[in-house]
Amino acid sequence: MTARVRFAPSPTGLLHIGGARTALYCHLYAKAKGGSFVLRIEDTDLERSKREYEVAMIEDLKWCGIENNEGPNKGGDFGPYRQSERTEIYTELAQQLVTEGKAYYCFLTDDELEKLTEKAQEEKKSPHFYHGKYRDLDPAEAKKKVDTGETHVIRFKNPGKKYTFTDLVRGEVTFPEDMVGDFVILRSNGMPVYNFCCVIDDWKMEMTHVLRAEEHLNNTVRQLMIYEAFGATPPEFAHCSLLVGEDRQKLSKRHGATSVVQYKDQHFLPQALMNYLCLLGWSHPEEKDIFTMDEITPIFDLSRFNKSPALYDIEKLKHFNGEHMRRLSTEDLMAYLAPTLAEDHAFHSQSREWQENCLDFFKEKINTPAELPEHLKVLFSTEPETGEAVDEVLSWESTAAIKEYIKGEVSNIDSAFISEKQFNEFTNHCKKELKIKGKFLFKGMRLAITGMAEGPDLKVVIPLTPIEVIKKRLGL
RNA sequence: GCUCCCAUCGUCUAGUCUGGUCUAGGACACCGCCUUUUCACGGCGGUAACAGGGGUUCGAAUCCCCUUGGGAGUACCA
């Protein structure tokens, strides 16, 4: 049987980091098994679901390099892929369970429910202990109430036994008989709830594997009951660890940038984000840490999941971004970095060759595009630096001598740049004729030409600095 | 409260299933040195962990139990 794996987000917000990781794992696993990756939209929460989120989600997944084989955007043999378009299927199946005595109508009002929950808690019983009030109501009588239009939901009749299943990452998991009560499967507004549709869809869409985050582990018991009620074979389950923030709690908006689109907007490389996310809970068999998703697809498997929650660390993500950025070809690097600079940045007025040399040099110094403008100041800024370090260099007599000499030389230069050869001649002149060496030479030279006390290698920086900038710095 | 899950450097992790080769390996961050000045990169080196307690065993990070700690769930959210 070919693997069929789904990612089933609810379109109630933007795709977040945790969702992207789950989607990545699902995608990777489906591809590793040569199977299909299905996108299903779980929009049964009418209040919060928005079509625009669905659209954004598909776009963000695409940016991540995750494309589905089936889904609302692609079609397929198991559609529709939006739960809101499948309500008939759910309602019919829910009715079937009622007919078979495996579910029943419940007429509990919100008030009653609340009171019963409180009562149960006072008696130190599970909150759901009294929720089965209408469990044994005569079906004919229940039907009559329904027909007269009384507000009702459909509750699943908990068989009251232990459930055990083998989770592909957690091993054998057992739930006690009273872990959940008679839970709702069809709301009073006629919409089915998550645990019900999820099972129906995974069953009818013939999913072979359900990969999701640990927060769903407890839901599995309800789902197992439903599969059993229909005599359906459940898929294999794999619950991977949760992503947490600094406070060790489930990652959410309050932890800062948690939607994928924010990383896209900040110009992170999608392959870096995926690489980092992939390693949060999964490890490469050879302990490699930098790789592309294509590279690991053939070797991706469920046995290398770590069971404990992983802390999402942006600093480490930046490192991954740097590594992937440095692996880009000259052309791709240009396409990546150049657009991140402001439109009026002096970088854009330079030649293509200059731009390539420039990026090739500065890519070594940064991990993210956001750090680039600050580094480029050494080439374009005409504002002299201030501070102790600068003052110290300025206090040396040699510095004044260097500046004087450089000023003379530069005023005679007509070309657009000082060549590396010329720069070496200047250095040698200062060394031999002016008898300046060591830090007095290099620091003095740097200050004279760049106005800075510290910075990258002068041999590279000087030939990249436009002569008019240098002249302006020297007051020419 | 109840249920389920988890527990190796500050962080991500390898090693746990199939006890010995683990004086616990790698990565991020941090620190130091080298790359004839600085910073970054790179190279080299360093600080830093098996939550605690009991067992089992000749031998335990690895197996068992308890404690503690953390997380998730406990909805007519997903």
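Residue numbering restarts at 1 for every chain, and letters A, B, ... go by the order of the sequence lines.
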For a side-chain contact (heavy atoms from CB on, under 4.5 Å) check, start with the C-alpha distance between A/M293 and A/N275, then their side-chain angles and the critical distance, and finish with the verdict. CA-CA 7 Å; A/M293 294 307 105; A/N275 188 170; 4.2 Å; yes
Reckon [X] has a side-chain N or O less than 4.0 Å from the OP1 or OP2 of [N]?
{"X": "A/Q121", "N": "B/G1", "result": "no"}
{"X": "A/S283", "N": "B/A14", "result": "yes"}
{"X": "A/R222", "N": "B/A75", "result": "no"}

Does A/R155 reach the main-chain N or O of A/C106 with its side chain, forming a donor-acceptor pair under 3.5 Å?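 Checking the backbone N and O of A/C106 against the side chain of A/R155, no donor-acceptor pair under 3.5 Å is found.
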Under 4.0 Å between any heavy atoms, over every strand shown, what does [X] touch: base, sugar-phosphate, or nothing? Just pick one.
{"X": "A/T174", "result": "sugar-phosphate"}
{"X": "A/E214", "result": "base"}
{"X": "A/K318", "result": "nothing"}
{"X": "A/L108", "result": "base"}
{"X": "A/P309", "result": "sugar-phosphate"}
{"X": "A/V221", "result": "nothing"}
{"X": "A/R40", "result": "nothing"}
{"X": "A/T44", "result": "sugar-phosphate"}
{"X": "A/H239", "result": "nothing"}
{"X": "A/G281", "result": "sugar-phosphate"}
{"X": "A/V184", "result": "sugar-phosphate"}
{"X": "A/R212", "result": "nothing"}

Less than 6.0 angstrom from the centroid, inside 45 degrees of the normal: does [X] satisfy that with respect to the ring of [Y]?
{"X": "A/K365", "Y": "A/F361", "result": "yes"}
{"X": "A/K161", "Y": "A/Y163", "result": "yes"}
{"X": "A/R48", "Y": "A/Y53", "result": "no"}
{"X": "A/K119", "Y": "A/Y130", "result": "yes"}

[atom1] gap between [N] and [M], integer Å:
{"N": "B/U62", "M": "B/C50", "atom1": "C1'", "value": "10 Å"}
{"N": "B/C58", "M": "B/C65", "atom1": "C1'", "value": "22 Å"}
{"N": "B/A51", "M": "B/G59", "atom1": "C1'", "value": "23 Å"}
{"N": "B/A75", "M": "B/A61", "atom1": "P", "value": "43 Å"}
{"N": "B/U21", "M": "B/G32", "atom1": "P", "value": "35 Å"}
{"N": "B/C63", "M": "B/U56", "atom1": "C1'", "value": "8 Å"}

If you check the [X] side chain, which of [options] turns out closest?
{"X": "A/N219", "options": "B/U74, B/C76, B/A78", "answer": "B/A78"}
{"X": "A/R304", "options": "B/G15, B/A72, B/A7", "answer": "B/G15"}
{"X": "A/E42", "options": "B/U11, B/A78, B/U8", "answer": "B/A78"}
{"X": "A/R155", "options": "B/A72, B/G70, B/C76", "answer": "B/C76"}

Base paired to [N] (Watson-Crick or G-U; both N/O distances under 3.5 angstrom):
{"N": "B/C50", "answer": "none"}
{"N": "B/C28", "answer": "B/G10"}
{"N": "B/U23", "answer": "none"}
{"N": "B/U35", "answer": "none"}
{"N": "B/C41", "answer": "none"}
{"N": "B/G59", "answer": "none"}
{"N": "B/A72", "answer": "B/U3"}

Among residues two or more places apart or on two chains, list those pairs meeting salt bridge (Lys or Arg N to Asp or Glu O under 4.0 Å) that have a residue in residues 307-319 of chain A. A/E315-A/K318
Please determine whether any donor N or O and acceptor N or O are separated by less than 3.5 Å between the side chain of A/K307 and the base of B/A7. no
With a 3.5 Å cut-off and just heavy-atom distances, do the side chain of A/S188 and the base of B/C76 make a donor-acceptor pair?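 Between B/C76 and A/S188, which were checked side chain against base, a qualifying N/O pair under 3.5 Å is present.
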Holding to salt bridge (Lys or Arg N to Asp or Glu O under 4.0 Å), I want the full list of residues that pass it with [X], two or more places apart in sequence or in another chain.
{"X": "A/D110", "value": "none"}
{"X": "A/D43", "value": "none"}
{"X": "A/D360", "value": "A/K363"}
{"X": "A/D60", "value": "none"}

Produce a footprint string for nucleotides 36-43 of chain B: one letter per nucleotide, 5' end first; B if the base is under 4.0 Å from any protein heavy atom, S if only the sugar-phosphate is, - if neither. -BBBBS--
Residues two or more places apart in sequence or in another chain: which of them pass ring pair (Phe, Tyr, Trp, His ring centres under 6.0 Å) with A/F7? none
Is it true that atom [atom1] of [X] has more than 12 heavy atoms of other residues, nucleotides or ligands lying nearer than 6.0 Å?
{"X": "A/K377", "atom1": "NZ", "result": "no"}
{"X": "A/E123", "atom1": "CD", "result": "yes"}
{"X": "A/E52", "atom1": "CD", "result": "yes"}

Can you pull every protein N or O that's under 3.5 Å from an N or O on nucleotides 62-69 of chain B?
none

Any pair with a residue in residues 180-202 of chain A that passes ring-ring contact (aromatic ring centres under 6.0 Å, His included), sequence neighbours left out, goes on the list, sorted by first then second residue, please. A/F156-A/F183, A/Y194-A/H216
Spacing between [X] atom [atom1] and [N] atom [atom2], to the nearest angstrom:
{"X": "A/N218", "N": "B/G71", "atom1": "CG", "atom2": "C1'", "answer": "11 Å"}
{"X": "A/Y194", "N": "B/G73", "atom1": "OH", "atom2": "C1'", "answer": "12 Å"}
{"X": "A/L311", "N": "B/C28", "atom1": "CG", "atom2": "P", "answer": "17 Å"}

Report each atom pair, protein N/O against N/O of nucleotides 21-25 of chain B, whose distance is under 3.5 angstrom.
unit_1	atom_1	unit_2	atom_2	d
B/G25	N2	A/E287	OE1	2.5

Who are the side-chain hydrogen bond (donor to acceptor under 3.5 Å, both in side chains) partners of A/D167, not counting sequence neighbours?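 If we apply the side-chain hydrogen bond (donor to acceptor under 3.5 Å, both in side chains) test to A/D167, skipping adjacent residues, the hits are A/H239.
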Contact list (N/O, under 3.5 angstrom) for nucleotides 47-53 of chain B vs protein:
none

